[in-house]
Amino acid sequence: MTHHLADVVTARALRHGLDTGSRSDAVARELVELARADRRVLEVALARVERGLADRSSRVGERAREALERALVLAAGPSLVPALATFGPGSSNLE
């Protein structure tokens, strides 16, 4: 099941890599939702894209990798990036 879902997430990331107009934050959210917030699925998809980039670098692959990396950060939740959650723009802790 995980590998089939990883196939779908990989394909979606590459499709977004073709679309230069995609907003990276929206794409990352979509990938997290598609992966059901399963970090392992996102990691497998990222490994597949990176393996393809090792053979032949492309801008499409680069954009797909960036989207998957952002999705992994989103899937990790705010606990992994506490500085951004605490001190980022609009933070109420800076008052």
Undergrad: Identify the heavy atoms of Val49 and Ala64 that sit nearest to each other, and give their distance.
TA: CG1-CB, 4.2 Å

Undergrad: For Asp25, which residues count as a side chain to side chain contact (heavy atoms under 4.5 Å, CB included) partner, sequence neighbours excluded?
TA: Arg23, Arg29

Undergrad: Please name the residue in the list Leu31, Asp38, Val32 that meets the side-chain contact (heavy atoms from CB on, under 4.5 Å) test with Val9.
TA: Leu31

Undergrad: Taking all atoms of both residues into account, what is the closest heavy-atom pair of Val44 and Ala6, and its distance?
TA: CG1-CB, 3.5 Å

Undergrad: What donor-acceptor contacts under 3.5 angstrom involve side-chain atoms of residues 65-74, with partners at least two apart or in another chain?
TA:
residue: Arg65; atom: NH2; partner: Glu62; partner atom: OE1; Å: 2.4
residue: Arg65; atom: NH2; partner: Glu62; partner atom: OE2; Å: 3.1

Undergrad: Calculate, to the nearest 0.5 Å, the distance between atoms CG and CG belonging to Asp19 and Leu14 respectively.
TA: 13.0 Å

Undergrad: Of all the heavy-atom pairs spanning Ala75 and Leu42, show the shortest one and how long it is.
TA: CB-CD1, 3.8 Å

Undergrad: Tell me, yes or no, whether the heavy-atom count around Arg15 atom CZ, taken from other residues, nucleotides or ligands under 6.0 Å, exceeds 12.
TA: yes

Undergrad: Which pairs, with at least one residue in residues 46-56 and sequence neighbours excluded, count as a salt bridge (charged side-chain N to carboxylate O under 4.0 Å, His left out)?
TA: Asp7-Arg48

